[in-house]
Amino acid sequence: MAQPVKPHPLFARFYATLAGPALEKAGIAEHRRRLLAGLTGEVIEIGAGNGLNFPHYPPEVTRVVAVEPEPNLRALARDEAHRAPVPVEVEAARAERLPFPDASFDAAVVCLALCSIADPGTALAELHRVLRPDGRLRFFEHIQAGSPAVRRVQRVLDATVWPRLMGGCHTGRDTRSAIIAAGFTLTAVDRFDFPRTRIPMPAAAHILGTAVRPGPKGTR
Ligand SMILES: C[S@@+](CC[C@H](N)C(=O)[O-])C[C@H]1O[C@@H](n2cnc3c(N)ncnc32)[C@H](O)[C@@H]1O
């Protein structure tokens, strides 16, 4: 059974006041818009943080259920939900155990969260369960670097200070493989560095894309 998430008040404050705004300044809004463009119907977003995706949901989305277990970030997300252009409900739950029936959402969104979720494989299995057949999973995540030298740095950071300082985040997870292992079919993946810097950064390699929960006929 999934353990309850401990509150991370320092990380919550750091993310809401420093990291989130720094990512916005670096141009993340463009990627958030790409992540959500074209979505319709009822959407679940896991690890919604303080709700930085909410302003970017397109009007064709009729309902967003945003799951956030950290209480300080969840309170900020609820404030943000009031300003969102579409109806957003913010729920306290862990991604590894979603309190929703099978096949209850048209689409799922995960953004910079599979790096922090304690058991990303179980979280992806839960998203697969709550998505309707042919439902889309949209993802934007930082991942394992392409360069072996940076991967070594990621391994050292992930085994030492990074998760402790960054609310459980891991720099170098193989999220693409985890999505496929959970039963999704990848239909589009854009791999790029964000932010683009001259010095290699441990959490710069990202993927943004779409995967599908195959329908009964294996449709895509
Ligand atoms: C780096 S923040 C990203 C927040 C937001 N998705 C964004 O794009 O700004 C990672 C988020 O994952 C959440 N998280 C950590 N463990 C989780 C779990 N087991 N289930 C759901 N969310 C979790 C954290 O509380 C945090 O809000």
Side-chain angles (χ1 to χ4, degrees), residues 1-24 28-29 31-33 35-36 39 42-57 61-101 104-131 135 137-142 162-170 173 175 178-179 182 203 208:
M1 185 192 293
Q3 300 300 306
V5 164
K6 283 189 215 144
H8 286 288
L10 285 180
F11 173 74
R13 186 181 295 187
F14 165 73
Y15 195 74
T17 61
L18 289 173
L23 292 172
E24 296 297 314
I28 200 171
H31 301 304
R32 293 188 187 281
R33 275 194 291 276
L35 173 71
L36 305 176
L39 289 179
E42 297 188 300
V43 178
I44 180 168
E45 178 178 343
I46 58 165
N50 51 335
L52 294 175
N53 278 328
F54 299 169
H56 304 292
Y57 276 97
V61 168
T62 53
R63 176 183 179 228
V64 176
V65 176
V67 169
E68 175 50 55
E70 204 293 321
N72 302 279
L73 288 168
R74 191 167 61 246
L76 294 170
R78 287 200 168 124
D79 290 344
E80 193 61 41
H82 296 305
R83 293 186 283 275
V86 300
V88 179
E89 299 155 32
V90 180
E91 302 292 345
R94 289 179 58 118
E96 295 95 333
R97 196 168 184 201
L98 295 173
F100 310 110
S104 48
F105 293 96
D106 299 301
V109 171
V110 59
C111 179
L112 308 179
L114 287 170
C115 54
S116 301
I117 290 169
D119 185 346
T122 301
L124 285 162
E126 276 290 85
L127 288 180
H128 191 277
R129 179 184 68 76
V130 301
L131 265 179
L137 169 67
R138 291 283 181 84
F139 55 85
F140 174 35
E141 293 287 334
H142 65 79
W162 196 274
R164 287 172 196 215
L165 294 177
M166 297 292 176
C169 175
H170 297 74
R173 284 185 169 166
T175 296
I179 291 170
L208 188 156

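Leu124 CG to Glu96 CD: the interatomic distance, rounded to the nearest 0.5 Å, is 10.0 Å. Interatomic distance, Leu137 CG to Leu131 CG, rounded to the nearest 0.5 Å: 6.5 Å. Note that CD of Glu70 is 9.0 Å distant from CG of Leu76, once rounded to the nearest 0.5 Å.
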**Report entry** Thr175 vs Phe139, side chain to side chain contact (heavy atoms under 4.5 Å, CB included): CA-CA, chis, key distance, verdict
**Finding:** CA-CA 10 Å; Thr175 296; Phe139 55 85; 5.8 Å; no
Using the rule given for side chain to side chain contact (heavy atoms under 4.5 Å, CB included), can you reason through Leu112 versus Ile28, listing the C-alpha separation, both sets of side-chain angles and the distance that settles it, and then say yes or no? CA-CA 11 Å; Leu112 308 179; Ile28 200 171; 3.8 Å; yes
- Task: Would you please test Val65 and Phe105 for side chain to side chain contact (heavy atoms under 4.5 Å, CB included) and show each step?
- Result: CA-CA 9 Å; Val65 176; Phe105 293 96; 3.7 Å; yes
Q. Going through the distances and angles, do Leu52 and Arg32 end up as a side chain to side chain contact (heavy atoms under 4.5 Å, CB included)?
A. CA-CA 9 Å; Leu52 294 175; Arg32 293 188 187 281; 3.6 Å; yes
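The side chain to side chain donor-acceptor pair (under 3.5 Å) test applied to His31 returns Arg34, not counting sequence neighbours. Taking Tyr15 as the reference, Phe11 meet the ring pair (Phe, Tyr, Trp, His ring centres under 6.0 Å) condition, with sequence neighbours excluded.
Minimum interatomic distance between Leu98 and Ala95 (heavy atoms only, all atoms of both residues): CG-O, 3.6 Å. When all heavy atoms are compared, the tightest approach of Leu114 to Pro120 is O-CB, 3.9 Å.
Judged by distance alone, with hydrogens and angles left aside, the side-chain atoms of Arg33 form no donor-acceptor pair with the main-chain N or O of His56 at under 3.5 Å. Of the possible donor and acceptor atoms, one in the side chain of Glu68 sits under 3.5 Å from a partner among the backbone N and O of Gly49.
Side-chain contact annotation: Asn50 with Glu80, donor-acceptor N/O pair under 3.5 Å absent.
Sorted by first then second residue, the side-chain hydrogen bond (donor to acceptor under 3.5 Å, both in side chains) pairs that include residues 115-126, not counting sequence neighbours, are Asp119-Thr122, Glu126-Arg129.
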